[in-house]
Visitor: 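Please read through the structure below; I'll follow up with questions.
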Protein chains: 2
Amino acid sequence: MGKASVTIKEIARELNVSKSTVSRALRDSSEISEETKQRVLELARQLNYSPNPIALSLLKNRTHTIGIIVPDIANAFFSSAIAGVEDVAYSRGYHVMIYQSHESYERELIDARHIATRRADGLVVSLASSSERYDHFRELQEQDIPVVFFDRVTDAITTHKVLVDDYKGAFEATEHLIQRGCQRIAHIAGPPKLSISRNRFNGYKDAMDKYGIAMRDEWVVSSEYNQAGGTERAYQLMALRERPDAIFAASDRIALGVHWALRQLGYRMPADVALIGFSDLAISSLLDPPLSSVAQPSFEIGQQAAELLLELIESRNTPVSFETRVLKTKLMIRKSSMKEIS
Amino acid sequence: MGKASVTIKEIARELNVSKSTVSRALRDSSEISEETKQRVLELARQLNYSPNPIALSLLKNRTHTIGIIVPDIANAFFSSAIAGVEDVAYSRGYHVMIYQSHESYERELIDARHIATRRADGLVVSLASSSERYDHFRELQEQDIPVVFFDRVTDAITTHKVLVDDYKGAFEATEHLIQRGCQRIAHIAGPPKLSISRNRFNGYKDAMDKYGIAMRDEWVVSSEYNQAGGTERAYQLMALRERPDAIFAASDRIALGVHWALRQLGYRMPADVALIGFSDLAISSLLDPPLSSVAQPSFEIGQQAAELLLELIESRNTPVSFETRVLKTKLMIRKSSMKEIS
DNA sequence: ATTTTTTACGAAAACGATTGAATGGCTCGG
DNA sequence: CCGAGCCATTCAATCGTTTTCGTAAAAAAT
């Protein structure tokens, strides 16, 4: 009927010593005789004692838990990043508590507050697409709960950040399309509130500029980072009088929607329309034609974010200089963008 | 510099009453005068007081946290199930702590022990493919930490379980292939330690029997539930002197590998080989040809598992009769299995 | 032999909250 | 005028652990 877990008190009673002695013996304190230590250790092992982390938390005000807020767990990019966070957290004795913002600012705010009341030791977060206020993160920082951003970051909060060079990745993707002879290159951008959306757009724009290719307003549209948005925008773009001959989608999820739409509409990729996405989800290479994409090391991003966070947590009160780690993207060229050069 | 969070004690001091009075006032106890209540409530609001859940946990021996162990977060089936768990846990004031077994028994054991020492209120788990001992779950139950299984369950532990009718799903998938005129139907099963693997195999076998179709030993192979395994097995199957004209893969991840391999090898689906998977991942419908599959309501599975778990948690000590919820699968017929009937 | 130091341990406070029991003051009935 | 009863509040214990401050006895130094 539920054997209550053994406490230090029981060991003490059993051995006719005080709780303090037991505690010290377990921590191998020098002021306990070798003999007593042995007796305590032996009994503790025998009773399968393990210290109650909740009591410790109360005492030390440290929970050994870190929170992570992502827009959507089921998104492969995020679940992979979570796996990265979990990887280093686990190896350092921390546990990961998951929260989803569902792309909603309100939910993100509630999640952040929850993390504060729950006394997590820190937070790793990737912003919701609708967030434009960031005070909830500042509140956490003021309560000595460090925050580290990854991927979807903001300049409004000074802290560690981990992301990829979105600008450069987008630039290279666009440049690649241009080099394959595409002239009418459309861009489906992400929600403009997110810096990754803006940076990717800028990469696109500057590549177009560099090669002196005209950008048309109607060829630049915006969508949430999901498949439905991609499909919708693809229909919209292909309905234009002047159709694009290439589409650079700000994410693979958008690109998946475009891919589907183009097939529905009977376009051939890349002959009619070249397509390239961003993130290189595992599925992208399985599509037919396989989708070109700008690869992001999602697992590694999670790992590094967790490392930086743990660093902040474990060096509390010692001021550090915050860094922004910019990881490399890698252009994965596949059939969807390999237009024959005429 | 980190404003320490307000405690009941401070409110008490400020108001010149005792901690008990404050506590009772906050809980709206009848033995506190209306006036005092108002004063306490007002100050609490003003100081933005929120009770320390750790102190509560220590006192009540309840953490309002549930653990979840899955083989791999980044697997879409599991991340979706996690989202389901998170959905109901969140709405009932519980938090979700994530653990990965990485398909390893040892890691699963460690995770389970961690959950015990961390004093989670309960556990939702889907077994690692290498697990064949289950004492770690029994240990949890003996410590009054209820466990609920989903998808990958075991008969060895009596508790609530949530899964789909794997047998029937497999039977229908196989039947469908037969009805499309396939005669040489291979099956790539999952790891035999998992009951889902065995049930799916049995569904396949019984369908073959029902229609009097000969099963060949060399057409039944086994693989881990991942893409690489599928690819490998596909090569193996297609190299046989007597090639199969259809493959029923025990999971979509396996089927993805098969899909890729068949394309590499130049087979047409479904003309040369019909293919069907299990789980209906979001990507499956995006492949070319789109992959037929047996859909599992992963999100709902997670939800129901969480509901059952919370029921167990909140009715501790009142004995319940355990149930196994069997959800329905749905056969998603797409091009990969739609062989022309000759 | 006396003082000082070391050794080995215990008592109690602290962390933040809840709660059963006790207490002080008050009113009221007899 | 005294005891009963009630109200509002406080006291103290509890949860499991660490840690500061004592302290008795033993060992060492004088």
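Owing to the predicted nature of the structure, the values given are computational and were not obtained by experimental measurement. We name chains A, B, ... by the order of the sequence lines, and we start the count at 1 in each one.
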Visitor: Compute whether any side-chain donor of one residue and acceptor of the other, for A:Y225 and A:R152, lie under 3.5 angstrom apart.
Guide: no
Visitor: Could you grab the distance from atom CG of A:L163 to atom CD1 of A:I301, nearest 0.5 Å is fine?
Guide: 7.5 Å
Visitor: Could you tell me the separation between the NZ atom of B:K19 and the C1' atom of C:dC15, rounded to a whole number of Å?
Guide: 10 Å
Visitor: In the 5'-to-3' direction, what one-character label does each nucleotide of nucleotides 23-28 of chain D receive under the scheme B = base within less than 4.0 Å of a protein heavy atom, S = sugar-phosphate only, - = no such atom?
Guide: ------
Visitor: Can you check the A:I11 CD1 to D:dG16 C1' distance for me, whole Å?
Guide: 12 Å
Visitor: Please report how far the helix from C:dA1-D:dT30 to C:dG30-D:dC1 bends, comparing the axis fitted to its first five pairs with the axis fitted to its last five, to the nearest 10 degrees.
Guide: 80°
Visitor: Assess, by modelled atom type and distance only, whether the side chains of B:S20 and B:S23 contain a donor and an acceptor separated by less than 3.5 Å.
Guide: no
Visitor: Quick one, B:M97 and A:T65 - any side-chain contact, counting heavy atoms below 4.5 Å?
Guide: yes
Visitor: May I ask you to check whether B:E103 and B:S129 show a side-chain donor-acceptor distance below 3.5 Å?
Guide: yes
Visitor: Write out all pairs satisfying ring-ring contact (aromatic ring centres under 6.0 Å, His included) with one or both partners inside residues 132-159 of chain B, taking only residues at least two apart or from two chains.
Guide: B:Y105-B:H136, B:F137-B:F149
Visitor: With the side chain counted from C-beta on, respond yes when A:L312 and A:T159 share a heavy-atom pair under 4.5 Å apart, and no when they do not.
Guide: yes
Visitor: Name the residue closer to the 5' end of DNA chain D, choosing between A:S50 and B:N16 according to the nucleotide with the nearest heavy atom.
Guide: B:N16
Visitor: Among B:K161, B:R325, B:H160, find the residue that satisfies the side chain to side chain donor-acceptor pair (under 3.5 Å) test when tested with B:Q304.
Guide: B:R325
Visitor: Any non-hydrogen side-chain atom of B:Y99 less than 4.5 Å from a side-chain atom of B:R107?
Guide: no
Visitor: Which residues in residues 21-39 of chain A have a heavy atom closer than 4.0 Å to any atom of DNA chain D?
Guide: A:S23, A:R24, A:R27
Visitor: Heavy atom of residues 53-62 of chain A under 4.0 Å from DNA chain D: which residues?
Guide: A:A55, A:L56, A:L59, A:K60
Visitor: Can you run down the ring-ring contact (aromatic ring centres under 6.0 Å, His included) pairs that involve residues 44-67 of chain B, sequence neighbours left out, and say none if there aren't any?
Guide: B:H64-B:Y94
Visitor: Under 3.5 Å, is there a donor-acceptor pair linking the side chains of A:S79 and B:S79?
Guide: no
Visitor: Is there side-chain contact between B:I82 and B:V70, with heavy atoms separated by less than 4.5 Å?
Guide: yes
Visitor: I need the CG-P distance between A:N52 and C:dC15, as an integer number of Å.
Guide: 18 Å
Visitor: Atom CD1 of B:I8 and atom C1' of D:dT14: how far apart are they, to the nearest Å?
Guide: 15 Å
Visitor: Report yes if a donor N or O on one partner sits less than 3.5 Å from an acceptor N or O on the other, where the partners are the side chain of B:T7 and the base of C:dA17; otherwise report no.
Guide: no
Visitor: Looking only at side-chain N and O atoms, does B:R119 offer a donor or acceptor that is under 3.5 Å from a partner on A:S5?
Guide: yes
Visitor: Whole-Å distance between D:dG16 C1' and A:L47 CG?
Guide: 16 Å
Visitor: Classify A:K9 by what it touches in the nucleic acid, base, sugar-phosphate, or nothing, heavy-atom distance under 4.0 Å.
Guide: sugar-phosphate
